[in-house]
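Contents: one structure, followed by commentary.
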Amino acid sequence: MSMKYFLLAQWVKENASLKGMIEEIVLSDDNVCFRFPNGQNLVFVYKTANPFLFLTQNIPASENESVELWPQLKQGELSLPRIAENDRIIYFTITHKDIYAGKKELQVVFEAMPPQGNLLLCRLQDDKLIIQDALVKYTYAENPKRQILSGWVYEPPATDFKPDTEEVNYPLSVKSKLDDKNVLCSSVNEYFQTYFNLVFQPAELLARKEHLLAYWQNELKKAEKKLQLQEREELAAEQEITWLTYAELIKVNLHNIKKGDSVLTTVNYYDPELQQVTIPLEKDKSPQENLQLYLKKYRKAKSGKEKTKEQIRKTKEEIAQIKSILHSFSDNSWQDLIPLHSAKTKPAKTVQALAGLFRIPVSEQWEIVIGRKATENDFINTQIARPQDWWFHARIYHGSHVLLRNYAKQEPPEKLIEICCGLAAWFSKAKHSQNVPVDYTQIRYVRKPRKSPPGFVTYTNHKTMFVNPLDARAAKSALEQYGK
């Protein structure tokens with residue numbers, strides 16, 4: 001998809017009256033989200049060859065933790081979107097009050113052009129825009145035509161781009177990558193938002209899957225190669241008696257060996273039949289050095305025999321674990337590996353941690369994961385949970401953290417929420433009580449304070465449901481009825 005100039009211009013036209021107080025600006029994997037108190041979010045998708053933007057009520061999910069951007073703009077009023085006449089550059093005005101109640105104006109510049117978009121924060125000085133910050137910075141060494149650095153005058157890119165002046169013909173059609181169906185949109189904002197949800201994000205997820213699959217396939221090759229080397233070492237270690245025999249025979253034949261000899265042929269006094277044996281020698285070594293060479297091989301083989309066997313056992317275990325990870329690519333569970341991969345967790349720890357979790361599959365769109373101890377709760381919250389997933393915990397009572405995996409990024413049905421709340425009540429100190437209060441919220445609102453003990457979190461934007469505890473068997477039965 002190419003984000004045409006006329007589409008961006010139409011978006012600006014549709015949202016010419018846009019005005020909102022900035023509550024927070026959040027930087028995620030591939031987008032920047034301006035959040036407003038009325039629940040609206042202005043999303044800039046910049047890390048792509050065809051950047052675009054849209055307004056939405058839903059906060060885009062991120063595979064990794066989001067970070068706050070430009071906190072100094074909080075409580076500033078964003079307004080007046082306008083597009084440059086000659087290129088895909090959209091300007092926004094931010095009116096901000098300082099501590100002395102004085103007003104100052106800043107400009108947010110969105111460059112929606114290939115090879116990658118950019119978002120800049122500028123201030124107005126002597127009728128020029130001075131760059132204060134930018135998501136993508138570079139110097140003349142990287143781009144001979146211009147540089148984007150803090151403190152420099154902002155200069156739009158000099159290109160031969162000619163804006164297209166097509167008319168927007170409604171409805172606009174987006175072909176979903178999820179089911180190949182065409183979705184019709186009645187506005188450009190709806191078109192961009194639908195494209196983000198049904199084309200851009202699925203394509204990004206597929207790219208991550210291919211990257212992750214290639215990573216683990218390479219890990220398997222490395223482990224198998226390591227095993228081959230270890231097996232050769234084991235074979236060499238099993239020759240410890242041979243090396244000792246060769247050393248003893250060289251020792252009694254030192255007077256018969258000259259430097260430059262390639263072999264020693266002698267009677268093997270350790271053979272009951274006293275047959276002759278031919279011992280390879282290093283030509284460039286003296287007889288004494290050849291003796292020390294075989295003694296060294298003997299000592300290494302003797303000490304390394306058990307060690308090599310243990311290494312082989314561990315490597316075979318690692319290979320089995322990596323194959324288990326590769327098998328997970330046949331279903332949605334491979335997505336649990338994304339944050340683990342970014343954290344460079346070792347394969348053994350990856351599989352052990354995932355295997356220890358109590359999972360209740362619901363459908364292709366949903367899965368329930370339960371942490372039964374503090375370390376598992378931490379693992380669920382900080383490693384495998386995504387912002388769109390839902391988190392449940394009994395209020396007041398100590399207990400497990402229950403995670404509802406939201407693979408399709410949908411709103412959970414009320415019945416599914418009730419089942420998860422029942423499980424959270426059961427896996428808590430209130431399992432034998434009635435009418436237990438259970439808090440639930442999206443994982444994006446769950447935070448683990450720095451240096452806090454395992455399993456400790458804080459959370460906001462939650463709702464509370466009063467339920468009776470539901471054990472795993474009853475929950476599975478309820479889920480079967482829910483599926484019908």
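Position 1 is the first residue of the sequence, and the numbers go up from there.
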Can any side-chain N or O of H393 pair as donor or acceptor with the backbone N or O of A424 at less than 3.5 Å? no
For K448, salt bridge (Lys or Arg N to Asp or Glu O under 4.0 Å) partners two or more places apart: D378
Going by an N to O cut-off under 4.0 Å, is there a salt bridge joining K307 and E310? no
For the residue pair F358 and F427, what are the closest heavy atoms and their distance? CE2-CZ, 3.8 Å
Would you please name every residue forming a side-chain contact (heavy atoms from CB on, under 4.5 Å) with E24, sequence neighbours left out? V26, R35, E68
Using a strict threshold of under 4.0 Å (side-chain N to carboxylate O), is an ion pair present between E318 and K314? no
Roughly how far, to the nearest 0.5 Å, is CG of L213 from NE2 of H211? 11.0 Å
Does anything in residues 252-285 form a ring pair (Phe, Tyr, Trp, His ring centres under 6.0 Å)? List the pairs, not counting sequence neighbours. none
R473 side-chain N/O to L470 backbone N/O, donor-acceptor pair under 3.5 Å: no
Donor-acceptor pair, side chain of T441 and main chain of N461, under 3.5 angstrom: yes
E248 side chain to T245 backbone, donor-acceptor under 3.5 Å: no
Between W243 and Y294, how do the two ring planes meet: parallel, tilted or perpendicular, split at 30° and 60°? tilted
Using the side chain to side chain contact (heavy atoms under 4.5 Å, CB included) rule, take I319 and L227 through it: C-alpha gap first, then chi angles, then the decisive distance, then the call. CA-CA 9 Å; I319 289 172; L227 180 62; 3.8 Å; yes
So how far is it from I25 CD1 to N41 CG, rounded to the nearest 0.5 Å? 12.0 Å
Compare all side-chain heavy atoms of P114 with those of R88 and state whether any distance is below 4.5 angstrom. yes
Within this structure, what is the CG-NZ distance for the pair D261 and K285, rounded to the nearest 0.5 Å? 15.0 Å
Any sub-3.5 Å donor-acceptor pair from T139's side-chain atoms to Q147's backbone N or O? no
Look up atom CD in Q132 and atom CG in L121, then write down how far apart they are to the nearest 0.5 Å. 5.0 Å
Can you see which heavy atom on Q434 is nearest to which on N468, and at what distance? OE1-OD1, 2.9 Å
Counting C-beta onward and ignoring hydrogens, is there a side-chain heavy-atom pair between W390 and I417 closer than 4.5 Å? no
Taking the inter-plane angle between the rings of Y459 and W391 on a 0 to 90° scale, is it parallel (under 30°), tilted (30 to 60°) or perpendicular (over 60°)? tilted
Taking salt bridge (Lys or Arg N to Asp or Glu O under 4.0 Å) as the definition, give me every residue that meets it alongside E414, ordered by chain and number, with sequence neighbours left out. none
Q230 and T308 have their tightest heavy-atom pair at O-CG2, 3.4 Å
Determine, step by step, whether I148 and V136 satisfy the side chain to side chain contact (heavy atoms under 4.5 Å, CB included) criterion, reporting the C-alpha distance in whole Å, the side-chain angles of both residues, the deciding distance to 0.1 Å, and the verdict. CA-CA 8 Å; I148 299 294; V136 183; over 6 Å; no
Y195 vs F200 aromatic rings, parallel, tilted or perpendicular, using cut-offs 30° and 60°? tilted
Nearest non-hydrogen partners of L120 and I131, listed with the distance: CD2-CD1, 4.2 Å
I'd like to know whether R313 forms a salt bridge (Lys or Arg N to Asp or Glu O under 4.0 Å) with E317, so could you lay out the CA-CA distance, the side-chain angles of the two residues, the decisive distance to 0.1 Å, and finally the verdict. CA-CA 6 Å; R313 185 192 66 78; E317 189 177 86; 3.7 Å; yes
How long is the span from the CD1 atom in I360 to the CD1 atom in I370, to the nearest 0.5 Å? 4.5 Å
How many angstroms lie between OG1 in T56 and CD in Q40, if you round to the nearest 0.5 Å? 8.5 Å
Residue pair I250 / N290: nearest heavy atoms and the distance that separates them: CD1-O, 4.2 Å
State, yes or no, whether a side-chain contact exists between L479 and W366 at a heavy-atom distance under 4.5 Å. no
Relative to the ring of F44, is the ring of F34 parallel (under 30°), tilted (30 to 60°) or perpendicular (over 60°)? perpendicular
With sequence neighbours left out, write down each residue that passes side chain to side chain donor-acceptor pair (under 3.5 Å) with R146, or none if nothing qualifies. E111, Y138
Given Y407 and E367, is the side chain to side chain contact (heavy atoms under 4.5 Å, CB included) satisfied, shown in steps? CA-CA 8 Å; Y407 295 118; E367 182 187 31; 2.6 Å; yes
D389 side chain to N406 main-chain N or O, any donor-acceptor pair under 3.5 Å? yes
Tell me, please, which residues at least two apart from D133 pass salt bridge (Lys or Arg N to Asp or Glu O under 4.0 Å). K137
May I have the step-by-step check of side chain to side chain contact (heavy atoms under 4.5 Å, CB included) for N253 and I279, ending in yes or no? CA-CA 11 Å; N253 284 281; I279 303 171; over 6 Å; no
Quick one: closest heavy-atom pair of V45 and N31, and the distance? CA-CB, 4.1 Å
Going by an N to O cut-off under 4.0 Å, is there a salt bridge joining K221 and E224? no
